[in-house]
Amino acid sequence: MGHASDWDRDAALTAARILLEIKAVNFRPEEAYTFTSGWKAPVYIDCRKIIYFPRARAKICELAVEKLTRQIGFETIEAVAGGETAGIPYAAWIADRMALPMAYVRKKPKGFGRNALIEGDVPEGKNTLLVEDLTTDGGSKIQFANALRDAGAICDHVFVVFFYGVFPGSLNKLAEMGISLHHLCTWWDVLEACRGGDYFPEATLTGVRKFLENPVAWSAAHGGVSSAEEAAAHKAAK
């Protein structure tokens, strides 16, 4: 996956190396992980681990704010909202660095009225950045963005630290809603960051590369769904 600029590539590799160093990256070609959408993959990432490491999280948030100001602008964002639960700490750190109001969005309502899903305060009429730790297919981002919009916020941008960037249809629904996804790194960046390092055996990296080159076929061959439509139906059935 290409990058918009040299800065974006450098930022992606820095983030990927941090994730590798803190052992947030899991490669398992011999036994597939199963995602809620039904996709099968030999890769899994735990971005929640970042919150434990002060220097790692500070660098990640520094890169995030720089990326957001480059791609969206210095004064465009007026509020930050984290998605429950993994997005809340990132939203707090980013809001603090940008000196912006911060709220968070619940998965399920608590209380009554249009703010039942939103804690902090409703950023009504404000350009609100939705923040989460990662996204695989964008599904939960749509739920959170709709909750913000229904409450009167303007939500046209989503930021995640990590974007899987492999499954078809990942960005289609967000694009249809007029939402831009901003992220620091993907699996391709992690694979590149593994070069010259002693993170995983070469055979494991070869297996992951085969998956990344054709994730749909890999998923189907390992008993997972084989299309965006099948993944959507799988989620709806849960």
Side-chain angles (χ1 to χ4, degrees), residues 1-21 24-25 41 43 45 47 50 56-83 86-87 90-91 93-95 97-100 127-142 144-145 148 154-197 205 208-209 211-216 228:
M1 182 177 288
H3 292 288
S5 69
D6 289 342
W7 183 91
D8 289 282
R9 181 179 181 275
D10 289 344
L13 290 177
T14 298
R17 290 187 187 105
I18 289 172
L19 291 166
L20 285 164
E21 185 181 338
V25 174
V43 294
I45 196 152
C47 285
I50 299 170
R57 74 188 188 214
K59 187 61 179 179
I60 289 288
C61 290
E62 174 192 321
L63 294 172
V65 171
E66 177 69 15
K67 180 132 190 169
L68 291 166
T69 53
R70 283 170 176 262
Q71 294 189 344
I72 303 175
F74 284 93
E75 296 295 341
T76 303
I77 302 170
E78 298 176 290
V80 179
Y90 294 103
W93 293 322
I94 289 171
R97 282 176 175 264
M98 299 182 77
L100 290 172
N127 286 309
T128 303
L129 174 71
L130 173 62
V131 174
E132 279 230 85
D133 63 335
L134 61 85
T135 188
T136 54
D137 62 2
S140 66
K141 313 304 169 282
I142 292 169
F144 288 138
L148 286 164
I154 301 165
C155 183
D156 297 333
H157 296 278
V158 174
F159 172 79
V160 294
V161 174
F162 195 87
F163 173 42
Y164 268 61
V166 290
F167 301 124
S170 299
L171 297 177
N172 292 352
K173 287 185 178 179
L174 289 173
E176 288 168 7
M177 292 175 64
I179 295 175
S180 299
L181 178 69
H182 309 270
H183 62 276
L184 285 182
C185 62
T186 68
W187 284 119
W188 283 110
D189 300 312
V190 170
L191 202 62
E192 184 175 350
C194 283
R195 290 179 185 171
L205 297 178
V208 170
R209 181 173 289 278
F211 160 73
L212 293 178
E213 287 171 349
N214 196 338
V216 172

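The first residue in the sequence is number 1, and the count goes up from there.
Distance SG/Cys185 to CD1/Ile45: 6.0 Å, rounded to 0.5 Å. In this structure, CG on Asp10 lies 10.0 Å from CG on Leu63, to the nearest 0.5 angstrom. Atom CD1 of Ile142 sits about 11.0 Å away from atom SG of Cys155, to the nearest 0.5 Å. Taking OG1 from Thr135 and NE2 from His183, the interatomic distance works out to 10.5 Å, rounded to the nearest 0.5 Å. We find the CG-CD distance between Leu171 and Glu176 to be 11.0 Å, quoted to the nearest 0.5 Å. Remark: Ile60 CD1 to Ile18 CD1 distance equals 4.0 Å, nearest 0.5 Å.
The nearest pair of heavy atoms linking Leu19 to Cys47 is CD2-SG, 4.4 Å. A pairwise comparison of heavy atoms in Ala145 and Ile179 identifies CB-CD1, 3.6 Å as the closest pair. Across every non-hydrogen atom of Arg97 and Ala58, the tightest pair is NH2-O, 3.1 Å. Contact record, Leu13 with Ala193: CD2-N, 4.1 Å, taken as the closest heavy-atom pair. Annotation for Cys194 and Leu205: closest pair SG-CD2, 3.9 Å, computed over non-hydrogen atoms. Here the shortest heavy-atom pairing between Ala56 and Ile50 reads C-CG2, 4.3 Å.
The list of salt bridge (Lys or Arg N to Asp or Glu O under 4.0 Å) pairs with a residue in residues 65-74, not counting sequence neighbours, reads Asp8-Lys67, Glu66-Arg70.
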Can you check side-chain contact (heavy atoms from CB on, under 4.5 Å) on Arg209 and Glu213, steps first, answer last? CA-CA 6 Å; Arg209 181 173 289 278; Glu213 287 171 349; 3.5 Å; yes
Tell me, with the steps shown, if Phe144 and Val158 meet side-chain contact (heavy atoms from CB on, under 4.5 Å). CA-CA 10 Å; Phe144 288 138; Val158 174; over 6 Å; no
Go through Ile77 and Met98 one step at a time and tell me if the side-chain contact (heavy atoms from CB on, under 4.5 Å) criterion holds. CA-CA 9 Å; Ile77 302 170; Met98 299 182 77; 4.0 Å; yes
Criterion side-chain contact (heavy atoms from CB on, under 4.5 Å) on Trp187 and Val25, from CA distance to verdict: CA-CA 10 Å; Trp187 284 119; Val25 174; 3.8 Å; yes
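Phe162 and Tyr164 have perpendicular rings, their planes meeting at more than 60° on a 0 to 90° scale where under 30° would count as parallel.
The closest donor-acceptor contact from the side chain of Glu132 to the backbone of Val160 lies at 3.5 Å or more, if one exists at all. Checking side-chain atoms of Lys141 against main-chain N and O of Phe159 turns up no donor-acceptor pair under 3.5 Å.
Remark: Lys59 engages Glu62 in a salt bridge, criterion side-chain N to carboxylate O under 4.0 Å.
When Leu212, Val216, Thr186, Thr136 are each tested for a side-chain contact (heavy atoms from CB on, under 4.5 Å) with Val166, only one passes: Leu212.
In this structure, the side chains of Leu134 and Val161 stay at 4.5 Å or more apart for every pair of heavy atoms.
Side-chain atoms of His3 and Asp189 form a donor-acceptor pair, as typed in the model, at a separation below 3.5 Å.
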